[in-house]
Structures are given as structure tokens and as C-alpha cells.
Amino acid sequence: MTHLLCYDDHRSFTEDVRKRFADTSRYQVISFLTHQDFIAHCEKEKENNACKVAIIGVPDAPDQFETIEKLTADIKKIDIKTGLILLAPTDKMDELKKIVRFNIDAYIPKNSNSILRVHNTVKKLISEHNISIFRNRRNISLYFLLAFLLLAAILILIARFRFPGYF
């Protein structure tokens with residue numbers, strides 16, 4: 001299950017995201033209008049190990065870029081594994097990249113194909129999340145295999161010294 005958390009204070013892109021990710025068995029799209037609701041929900045979902053992606057609609061006013069930077073920092077403090085996608089106006093993209101530089105997975109300009117770019121970025125983040133899960137499982141399996149091999153080697157050494165006639 002992938003949680004898509006949309007911060008959209010003008011309700012400009014949330015319905016397009018809901019239409020694009022219509023499969024409710026795989027995606028849960030939740031929209032927020034205020035910073036407080038968004039942060040409160042992130043704190044509540046902190047313990048959930050599902051893939052979480054925050055899609056933040058950046059306002060047109062450059063004076064609100066600092067609040068977006070603070071919001072992204074708060075999200076990363078709560079859960080560092082949450083993916084961040086910023087949807088910004090095309091003409092303000094360079095200013096936004098200078099102000100909000102860290103921990104952003106994708107900067108996407110608002111235009112006719114922005115939802116397709118969001119979809120591709122979400123798929124990439126889901127793949128990275130699944131790769132990390134499988135990497136952890138592989139490492140645990142490897143540790144069990146090494147422990148078994150070490151135990152078998154110790155038992156063979158003990159048997160060699162205890163029963164030398166069989167070797």
C-alpha cells in the first residue's frame with residue numbers, strides 16, 4: 001500500500017492525482033489544506049512501514065518558499081523515508097531550487113504533463129522502497145546462512161578431534 005499525501009492549499013492538482021492513482025487496493029490518496037493537518041497526519045502515520053510520498057503544491061508567491069522549506073524539513077524529521085515531490089510554477093522553479101535544496105526527490109513544473117511526471121516519480125519511489133525491503137531481507141538471510149555455516153564448521157572440528165577414526 002502506498003500513501004500519497006497531497007498538500008494542496010488551492011485544490012488545484014489533488015483530483016488529477018486521485019484520477020491517476022484510482023486503484024484503492026494499491027494507493028491511498030489523502031489531501032490536506034493546512035500545514036497543521038498535514039504534519040499531524042504524518043506524525044500519526046510515522047510508525048507505518050508503507051511507502052509514503054508527499055506531494056506538495058508550491059504557491060506562486062516567492063515569500064512562501066521558506067514555509068515550504070520548513071514543511072519539507074518537518075516531514076523529513078518525522079519520517080526520513082517519506083518521498084517528497086514539489087509541484088511548482090515553471091517560472092519560479094529556479095528560485096525554489098535555490099531555497100529548498102535538501103531532501104527533495106523531484107521538482108516538477110506545473111503544466112499539462114505534470115501528473116504523468118508525478119506518476120513516474122511515485123513509481124520510482126515505490127521501486128526504491130521495495131528494493132530497500134528486499135535488501136534487508138537478503139541481508140538477514142545471509143546472516144542466517146553464515147551462522148549455519150559457522151556452526152557446521154565448529155561441529156565438524158569437534159567431531160574431527162572427538163572421533164578421529166571416522167575422518
Side-chain angles (χ1 to χ4, degrees), residues 1-140:
M1 181 65 120
T2 302
H3 298 275
L4 299 172
L5 309 172
C6 298
Y7 174 68
D8 188 13
D9 55 352
H10 298 298
R11 293 233 183 236
S12 59
F13 66 89
T14 304
E15 290 306 317
D16 294 333
V17 171
R18 286 185 199 277
K19 288 176 189 173
R20 187 69 182 181
F21 298 99
D23 188 8
T24 57
S25 65
R26 295 180 62 197
Y27 305 106
Q28 182 181 13
V29 180
I30 305 168
S31 177
F32 301 98
L33 296 174
T34 63
H35 291 273
Q36 293 83 12
D37 293 340
F38 190 75
I39 295 297
H41 184 76
C42 287
E43 287 176 350
K44 186 175 78 173
E45 290 290 325
K46 178 179 161 181
E47 299 299 321
N48 191 351
N49 287 331
C51 181
K52 293 179 280 287
V53 179
I55 304 170
I56 300 172
V58 178
D60 293 339
D63 58 337
Q64 293 182 348
F65 289 172
E66 283 81 20
T67 59
I68 296 299
E69 180 182 21
K70 184 182 179 308
L71 179 66
T72 58
D74 290 343
I75 291 170
K76 285 296 186 174
K77 282 180 190 173
I78 293 170
D79 188 7
I80 196 144
K81 296 180 207 170
T82 302
L84 289 174
I85 300 173
L86 294 182
L87 282 173
T90 307
D91 55 338
K92 308 281 188 205
M93 191 65 71
D94 292 332
E95 291 177 42
L96 180 68
K97 286 182 180 179
K98 289 178 185 175
I99 294 174
V100 184
R101 291 185 283 177
F102 301 108
N103 299 324
I104 305 299
D105 294 304
Y107 297 95
I108 298 176
K110 287 183 186 175
N111 54 23
S112 61
N113 65 353
S114 61
I115 297 301
L116 181 61
R117 288 183 181 189
V118 167
H119 184 262
N120 290 338
T121 306
V122 167
K123 290 291 189 181
K124 181 188 89 156
L125 292 172
I126 291 170
S127 296
E128 289 173 359
H129 178 76
N130 289 338
I131 286 171
S132 69
I133 289 173
F134 290 128
R135 183 178 299 130
N136 290 340
R137 288 181 184 171
R138 180 202 63 204
N139 289 344
I140 290 171

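FYI, side chains are in, hydrogens and waters are out, and symmetry mates aren't considered; it's all heavy atoms of this structure. Quick note: residue numbers are just sequence positions, from 1.
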Between L84 and N103, what is the shortest heavy-atom contact and its length?
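It is CD1-O, 3.3 Å.
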If you look at every heavy atom in F13 and G57, which pair is closest and at what distance?
CE2-CA, 3.5 Å
Among all residues two or more places apart in sequence or in another chain, which pass the salt bridge (Lys or Arg N to Asp or Glu O under 4.0 Å) test with D79?
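In terms of salt bridge (Lys or Arg N to Asp or Glu O under 4.0 Å), with neighbours along the sequence ignored, D79 is linked to K52.
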Set of side chain to side chain contact (heavy atoms under 4.5 Å, CB included) partners for [X], sequence neighbours left out:
X	result
H119	R20, F21, K123
N136	none
S114	L87, I108, N111
E15	R18

Holding to side chain to side chain donor-acceptor pair (under 3.5 Å), I want the full list of residues that pass it with T34, two or more places apart in sequence or in another chain.
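Listed in chain order: D37.
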Pairing residues for T24 by the side chain to side chain donor-acceptor pair (under 3.5 Å) criterion, not counting sequence neighbours
none
For Y107, the ring-ring contact (aromatic ring centres under 6.0 Å, His included) test, sequence neighbours excluded, returns none
What distance separates [X] [atom1] from [Y] [atom2], expressed to the nearest 0.5 Å?
X	Y	atom1	atom2	result
T2	N130	OG1	CG	7.5 Å
T121	I55	OG1	CD1	9.0 Å
L116	D16	CG	CG	12.0 Å
Y27	M1	OH	CE	11.0 Å
S31	L4	OG	CG	11.5 Å
I30	C42	CD1	SG	9.0 Å

Do any side-chain atoms of residues 90-99 form donor-acceptor pairs under 3.5 angstrom with protein atoms, and if so which ones, sequence neighbours left out?
none

Describe, in one word, how the ring planes of H35 and Y7 are oriented to each other, choosing from parallel (under 30°), tilted (30 to 60°) and perpendicular (over 60°).
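H35 vs Y7 ring planes: tilted.
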Any pair counted as side-chain hydrogen bond (donor to acceptor under 3.5 Å, both in side chains), so long as it reaches residues 59-77, sequence neighbours left out:
K70-D74
Considering only heavy atoms from C-beta outward, does the side chain of I75 approach that of I56 to under 4.5 Å?
yes
Taking the side chain as every heavy atom from C-beta outward, state whether P59 and I68 have any pair of such atoms under 4.5 Å apart.
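The answer is yes; the side chains approach within 4.5 Å.
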Look only at the side chain of D8 and the backbone of T14, and say whether a donor-acceptor pair between them is shorter than 3.5 Å.
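Yes; judged by distance alone, with no hydrogens or angles, the pair exists.
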One pair to check against side chain to side chain contact (heavy atoms under 4.5 Å, CB included): I39 and L71. What are the steps and the verdict?
CA-CA 8 Å; I39 295 297; L71 179 66; 3.6 Å; yes
Which pairs count as salt bridge (Lys or Arg N to Asp or Glu O under 4.0 Å) when at least one residue sits in residues 102-122, sequence neighbours excluded?
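For residues 102-122: none.
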Considering only residues two or more places apart or on different chains, which pairs with a residue in residues 24-35 satisfy salt bridge (Lys or Arg N to Asp or Glu O under 4.0 Å)?
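Sorted pair list comes back empty.
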